[in-house]
K.L.:
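Before anything else, here's the structure in question.
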2 protein chains.
Amino acid sequence: MATAVKRKNGEKAEGTTRIQGINRRIILEAALEVFSTYGFRGSTIDQIAEKAGMSKPNLLYYFPRKQNIYVTVLEDTLEEWLRPLDDIDPAGDPVEELRKYITLKLKMSEEKPEASRLFANEILHGAPAISDFLKGHLKELVDEKATIIRRWVDEKKLSPVDPYHLIFMIWATTQHYADFDVQVRAILGSQVNRPGFHEQTAQAVISIILNGIRPRG
Amino acid sequence: MATAVKRKNGEKAEGTTRIQGINRRIILEAALEVFSTYGFRGSTIDQIAEKAGMSKPNLLYYFPRKQNIYVTVLEDTLEEWLRPLDDIDPAGDPVEELRKYITLKLKMSEEKPEASRLFANEILHGAPAISDFLKGHLKELVDEKATIIRRWVDEKKLSPVDPYHLIFMIWATTQHYADFDVQVRAILGSQVNRPGFHEQTAQAVISIILNGIRPRG
DNA sequence: CTGCATTTTGACCAAGTAGTCAAGTTTTTG
DNA sequence: CAAAAACTTGACTACTTGGTCAAAATGCAG
């Protein structure tokens with residue numbers, strides 16, 4: 001295969017072999033599903049191994065500790081999860097940029113609810129595995145975007161609004177549809193499955209938030 | 001003690017004895033703390049027993065199964081958690097009623113974050129213990145309040161807004177400060193502990209949401 | 001005080017689960 | 001093709017944990 005990694009001489013294996021690449025991906029996919037459903041403590045290696053279609057010792061050959069699988073899948077998820085925030089463009093139209101951001105976050109909640117739940121569960125339990133990430137990379141990124149929003153407010157392109165609380169509100173609301181899916185379904189019933197439901201949700205959420213911060217006059 | 005329950009004759013004990021009353025309360029308090037921190041599967045009876053200051057078999061004397069403790073503390077919490085929603089007054093001023101509601105929810109998140117987290121964790125994991133409650137009592141209550149909000153919209157007292165999504169947004173945002181506390185702290189740092197932080201949060205949240213739905217003229 | 005009901009607990013058991021190991025099988029490489 | 005490396009797994013161990021039990025301690029009514 002074109003992607004196979006060739007090792008030279010008899011060197012200790014450094015790179016990733018073909019089989020390793022395949023199996024690690026399979027394991028991480030299975031793990032995301034299991035961990036996001038049952039949480040770290042509630043998931044067993046056997047469950048993940050079964051979903052991945054391999055024996056437990058084999059799985060442990062790739063990730064020697066349960067923690068390793070968890071942390072890896074969590075970190076992989078995190079990066080993807082934050083990308084939309086990073087994409088907010090300081091040069092764009094504020095209301096339009098935020099509309100894009102909210103839309104994207106809602107879409108991710110719809111398409112990858114497991115990722116959202118995995119993350120929510122980790123934070124809910126005190127974020128033992130990613131507190132460095134939160135205080136480091138995440139804080140930096142949020143500070144940066146908050147500065148942009150604050151500038152927008154100063155330029156009268158937005159009503160006076162605390163940028164941090166605005167970001168929290170967007171996160172909370174968009175992720176709610178993934179994290180609290182069962183509750184949303186219990187209350188809305190079959191509506192949730194009707195075509196157009198997600199567009200309608202986006203419309204509602206965007207309308208409240210953007211009207212809430214659009215400059216008046 | 002005035003609250004002691006007297007048993008007549010040699011009847012099988014039906015009522016609650018003084019010691020039972022005390023100990024059940026102690027156990028439930030300990031259980032709320034433990035379950036809300038570690039989730040159902042992540043909590044052990046030993047942990048709860050230790051926090052309650054009694055032996056494990058003694059705890060099991062009062063609640064024969066781990067599930068029993070969990071369900072009891074969850075149900076106790078739920079009722080309290082919903083009360084503010086119930087208090088929304090159809091005859092009141094819409095914006096004022098919603099301001100009151102948001103304020104109350106934020107206050108509860110501040111004062112009883114464990115309750116919020118316990119609930120969040122349960123929903124996040126599919127609400128196995130309370131799905132009847134969600135589809136029954138909760139749905140009814142929300143439907144009722146949604147009707148009120150819809151009437152307010154019809155009467156032009158609010159901008160056109162989907163009542164269900166508005167309620168979800170309020171829930172998501174207010175509970176975020178309890179459920180995602182670690183993240184909020186990681187990003188805002190010591191601000192969170194400054195006096196007035198909660199008032200400032202309330203001010204920000206209320207301003208965005210209420211401006212978002214206040215009728216424009 | 002006396003006897004019965006209630007409460008309390010140390011010791012124990014059975015099930016479940018993370019992780020090990022040594023022996024086999026397959027893949028890669030020269 | 002042959003040897004080495006990489007991969008796979010059944011069987012096992014050590015430990016945690018939910019729950020039991022019988023016996024001891026305490027509370028309480030008459």
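All chains are named by letter (A, B, ...) in the order of the sequence lines, taking the proteins before the strands, and each is independently numbered beginning at 1.
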K.L.:
Select one nucleotide: of dT20(D), dT20(C), dT9(C), the one nearest the side-chain heavy atoms of R65(A).
P.N.:
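Given the options dT20(D), dT20(C), dT9(C), the side chain of R65(A) is closest to dT20(C).
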K.L.:
Want to settle it: does R41(A) or Y62(A) sit nearer the 5' end of DNA chain D, counting the closest nucleotide to each?
P.N.:
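Counting from the 5' end, the first nearest nucleotide belongs to Y62(A).
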K.L.:
Can you tell me the distance, in whole Å, between the CG atom of N58(A) and the P atom of dC21(C)?
P.N.:
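Checked: the CG to P distance equals 17 Å.
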K.L.:
Taking CD1 from I27(B) and C1' from dT8(C), how many angstroms apart are they, rounded to a whole number?
P.N.:
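Taking atom C1' of dT8(C) as the reference, CD1 of I27(B) is at 12 Å.
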K.L.:
Under 4.0 Å, heavy atoms only, any strand: does I45(A) hit a base, just the sugar-phosphate, or nothing?
P.N.:
sugar-phosphate
K.L.:
Below 4.0 angstrom, N of the basic side chain to O of the carboxylate: do D46(B) and K56(B) qualify?
P.N.:
yes
K.L.:
I want to verify a distance call: between dT20(D), dG18(D), dA18(C), whose nearest atom is closest to the P57(B) side chain?
P.N.:
dT20(D)
K.L.:
Just compare dT9(D), dG18(D), dT17(D) and give me whichever is closest to any side-chain atom of S55(A).
P.N.:
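Given the options dT9(D), dG18(D), dT17(D), the side chain of S55(A) is closest to dT9(D).
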K.L.:
State, without any angle test, whether E122(B) and Y70(B) hold a side-chain donor-acceptor pair at a distance under 3.5 Å.
P.N.:
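The answer is yes; a qualifying pair exists.
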K.L.:
Inspect the contact between E96(B) and R99(B) and indicate whether a charged nitrogen and a carboxylate oxygen are less than 4.0 angstrom apart.
P.N.:
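Yes, R99(B) and E96(B) are salt-bridged.
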K.L.:
Grab the CG-C1' distance between L60(B) and dC21(D) for me, whole Å please.
P.N.:
12 Å
K.L.:
With the side chain of T17(A) defined as its heavy atoms from C-beta on, choose the nearest nucleotide among dA6(D), dT9(D), dT17(C).
P.N.:
dA6(D)
K.L.:
Kindly say if Y61(A) contacts the phosphate of dT8(D), meaning a side-chain N or O under 4.0 Å from OP1 or OP2.
P.N.:
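Answer no for this pair, as no side-chain N or O of Y61(A) is under 4.0 Å from OP1 or OP2.
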K.L.:
Please compare N23(A) and K66(B) by the position of their nearest nucleotide in DNA chain D and report the one closer to 5'.
P.N.:
N23(A)
K.L.:
Using a cut-off of 4.0 Å on non-hydrogen atoms, how would the nucleic acid contact of I19(A) be classed: base, sugar-phosphate, or nothing?
P.N.:
sugar-phosphate
K.L.:
Taking atom C1' of dT9(D) as reference, at what distance in whole Å does atom CD of E50(A) sit?
P.N.:
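In whole Å, dT9(D) C1' lies 15 Å from E50(A) CD.
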K.L.:
Between atom CE in M54(B) and atom C1' in dT8(C), what is the gap in whole Å?
P.N.:
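Going from M54(B) (CE) to dT8(C) (C1'), I get 10 Å.
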K.L.:
Looking for any heavy atom pair under 4.0 Å, which part of the strands does F63(A) touch: base, sugar-phosphate only, or nothing?
P.N.:
nothing
K.L.:
If you check the R18(B) side chain, which of dC28(D), dT8(D), dA6(D) turns out closest?
P.N.:
dC28(D)
K.L.:
Report yes or no: is the cationic atom of R150(B) (NZ for Lys, CZ for Arg) under 6.0 Å from the centre of the six-membered ring of Y164(B), at an angle within 45° of the ring normal?
P.N.:
no
K.L.:
Would you please classify the geometry between the F168(B) ring and the W171(B) ring as parallel, tilted or perpendicular, with 30° and 60° separating the classes?
P.N.:
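It falls in the tilted class, 30° to 60°.
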K.L.:
Just the rounded figure in Å: distance from C1' of dT6(C) to CG of L59(B).
P.N.:
17 Å
K.L.:
Counting only side-chain N and O atoms of Q20(A), is one of them less than 4.0 Å from OP1 or OP2 of dA6(D)?
P.N.:
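Looking at the OP1 and OP2 atoms of dA6(D), neither is under 4.0 Å from any side-chain N or O of Q20(A).
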K.L.:
Figure out the NZ/C1' separation between K56(B) and dG10(C), and round it to whole Å.
P.N.:
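About 11 Å, once rounded to whole Å.
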K.L.:
Taking atom C1' of dC7(D) as reference, at what distance in whole Å does atom CD1 of I22(A) sit?
P.N.:
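Rounded to whole Å, this separation is 12 Å.
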